[in-house]
Number of protein chains: 2
Amino acid sequence: MAKSKGRVSDAVMRRMPKYYRYLKEMRDDGIERISSRELSDKMGLTASQIRQDFNSFGGFGQQGYGYNVNELYEEIQKILGLDKTYNCIVIGAGNLGQALTNYSGFEREGFHVMALFDINPRLIGMSIRDIPILDIEDIEGFLDQHRVDIAAICAPKDAAQSIADDLIKYGVRGIWNFAPTDVTSSSEVVIENVHLSDNLHTISFRMGGYSL
Amino acid sequence: MAKSKGRVSDAVMRRMPKYYRYLKEMRDDGIERISSRELSDKMGLTASQIRQDFNSFGGFGQQGYGYNVNELYEEIQKILGLDKTYNCIVIGAGNLGQALTNYSGFEREGFHVMALFDINPRLIGMSIRDIPILDIEDIEGFLDQHRVDIAAICAPKDAAQSIADDLIKYGVRGIWNFAPTDVTSSSEVVIENVHLSDNLHTISFRMGGYSL
DNA sequence: TAGATTGTTAATCGATTAACAATC
DNA sequence: TAGATTGTTAATCGATTAACAATC
């Protein structure tokens, strides 16, 4: 049973989805149990770290046995909030917005895309996997009518912050921002700024001979 | 002048592209100088950390003055290897592969996309911004003919590792993997595994009430 | 010069690793 | 039971923050 919600370090939090991924894989492969040692080999972490990580949520293992893969998988699923469903929208129906919408994994995990929004009249009215592309002008009306939990922003840099402010005003609780600028907010909303180019820059950095 | 290539911690390395982004912005806004204190306010870091970070590459500032924005920008550009150009290919011409190819920022920063590769006959022969989509079958011939520095893998999970092995065998030195599995290699190649769904999972995690 | 702000050393904090008693 | 492996405490390591002398 998970501990009552407490402080979890950023480092631990960022590792949880990786555990989830590896456990899902093992579960699909029919592996029933795993020790922290075996898991550490697979994932490139230390066994000690794995046990510490899991124990920040409560003990999920059993001495002398290890962890039951399926049980641990389901616990982490709950921890990550993947036992719930989320109403999502995508702002910006360009390649990236379409890529996110088309990625069936999200739907499977409970992230349901209700609509895309765009400013481009040639895209408005079209649909992706039966999900309509609506006029960005109509977004406030849409948010009035529907509960939206998470919005992915795939819009140009200069529009990102004002879109985010609007979304937050209308009750969106999670912002997944792909615009190449950091979106911020003073409210309780959860914001994740993804910078694909930052990522690419770490590749060229390391290719330049700086070692870690 | 940058110190000779030494050990740089992962944490510092991951912050460099962010500095680059903020400095570019300031430079474009015509800001000439900035102190670590001002920069810390903008970026949400501490002034002390910023000075430490820059000093792992050598001092770029001046006592009593701060940092010259343009100079610092250019130093970090060099550190990140963005003063060079890179020949790139994209494996998988679906939405994500197209999104990366279309993102003009990469071209501007010296990441030149030479070709996309796909298995889908309906895509092969088409082109994105005049960049051809080629048959994945022809990739070895292509790599024999052209120097390719970086490859983005936007292929399905099960194909990712064997594609990567192939690319590495033919001299590709950087792998930017978007397939939902961790690609590994025993060689010197630089690998960056991007997991967008891991990212989304941290959003649902935090929306579930776990605080950091 | 006086004021400002860096570069750098020292102190603190937090995260990772090691060790081992508890226990399945 | 004996062996294995967790949960957890203690030790270590590294990263961040604080402090301040150097110096523009």
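Lettering follows sequence order; numbering is per chain, from 1.
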Engineer: Can you figure out which of C:dA22, D:dC24, C:dT8 approaches the side chain of B:Gln63 most closely?
Structural biologist: D:dC24
Engineer: Hey, is the main chain of B:Ala93 close enough, under 3.5 Å, to the side chain of B:Asp118 for a donor-acceptor pair?
Structural biologist: yes
Engineer: Any residue in residues 20-50 of chain B with a heavy atom nearer than 4.0 angstrom to DNA chain C? Just list them by number, or reply none.
Structural biologist: B:Arg33, B:Ser35, B:Ser36
Engineer: For the residue pair A:Asp144 and A:Tyr170, confirm or rule out a side-chain donor-acceptor distance under 3.5 Å.
Structural biologist: no
Engineer: Quick one: B:Asn68 CG to C:dT6 P, roughly how many Å, whole number?
Structural biologist: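 Checked: the CG to P distance equals 13 Å.
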Engineer: With nearest nucleotides of DNA chain C determined for A:Tyr65 and A:Ala11 from heavy-atom distances, which residue corresponds to the more 5′ nucleotide?
Structural biologist: A:Ala11
Engineer: Are the side chains of A:Val113 and A:Ile89 in touch, meaning some heavy atoms are under 4.5 Å apart?
Structural biologist: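 Side chain of A:Val113 against side chain of A:Ile89, heavy atoms only: no contact under 4.5 Å found.
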Engineer: Would you mind reading off the distance between A:Asp53 atom CG and D:dT6 atom P, rounded to a whole angstrom?
Structural biologist: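 For the pair A:Asp53 CG and D:dT6 P, the rounded distance is 13 Å.
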Engineer: Indicate yes or no for a side-chain donor-acceptor contact from A:Asn87 to the backbone of A:Arg147 under 3.5 Å, with no hydrogens or angles considered.
Structural biologist: yes
Engineer: Report which part of the nucleic acid A:Tyr67 touches: base, sugar-phosphate, or nothing (heavy-atom distance under 4.0 Å, all strands).
Structural biologist: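 Sugar-phosphate contact only.
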Engineer: Please write out the pairs of protein N or O atoms and N or O atoms of nucleotides 12-14 of chain C separated by less than 3.5 Å, giving the distance to one decimal.
Structural biologist:
none

Engineer: In terms of ring plane angle, is the pair B:His146 and B:Phe142 parallel, tilted or perpendicular, where the classes change at 30° and 60°?
Structural biologist: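 Taking B:Phe142 first and then B:His146, their aromatic rings lie parallel (interplane angle under 30°).
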Engineer: How many Å lie between CZ on A:Phe60 and P on D:dG7, as a whole number?
Structural biologist: 9 Å
Engineer: Between the main-chain N or O of A:Asn68 and the side-chain N or O of A:Glu71, is there a donor-acceptor pair closer than 3.5 Å?
Structural biologist: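 Not at all, since once roles are kept as given, no pair shorter than 3.5 Å links the two residues.
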Engineer: Taking atom P of D:dA15 as reference, at what distance in whole Å does atom CG of B:Asn55 sit?
Structural biologist: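 Atom CG in B:Asn55 sits about 16 Å away from atom P in D:dA15.
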Engineer: Between A:Gln161 (side chain only) and A:Thr184 (backbone N and O only), is there a donor and an acceptor less than 3.5 Å apart?
Structural biologist: yes
Engineer: Report yes if the side chains of B:Thr202 and A:Glu192 come closer than 4.5 Å at any heavy-atom pair, otherwise no.
Structural biologist: yes
Engineer: Tell me the partner of C:dT6, counting only Watson-Crick (N1-N3 plus N6-O4 or O6-N4) or G-U wobble (N1-O2 and O6-N3) with both under 3.5 Å; none if nothing fits.
Structural biologist: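 Partner of C:dT6: D:dA21.
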Engineer: Expressed as a whole number of angstroms, how long is the span from A:Arg14:CZ to C:dA15:C1'?
Structural biologist: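 Rounded to the whole Å, the gap is 16 Å.
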Engineer: Report the relative orientation of the aromatic rings in B:Tyr67 and B:Phe54; use parallel for angles under 30°, tilted for 30 to 60°, perpendicular for over 60°.
Structural biologist: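 Perpendicular: the ring planes of B:Tyr67 and B:Phe54 meet at over 60°.
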Engineer: Calculate the interatomic distance between A:Met13 atom CE and C:dT16 atom P; express it in whole Å.
Structural biologist: 13 Å
Engineer: From C:dC20, D:dA18, C:dA18, pick the nucleotide closest to the side chain of B:Gln52?
Structural biologist: D:dA18
Engineer: Look at B:Arg51 and C:dT6 and indicate whether a side-chain polar atom (N or O) is within less than 4.0 Å of OP1 or OP2.
Structural biologist: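 Affirmative; the distance criterion is met.
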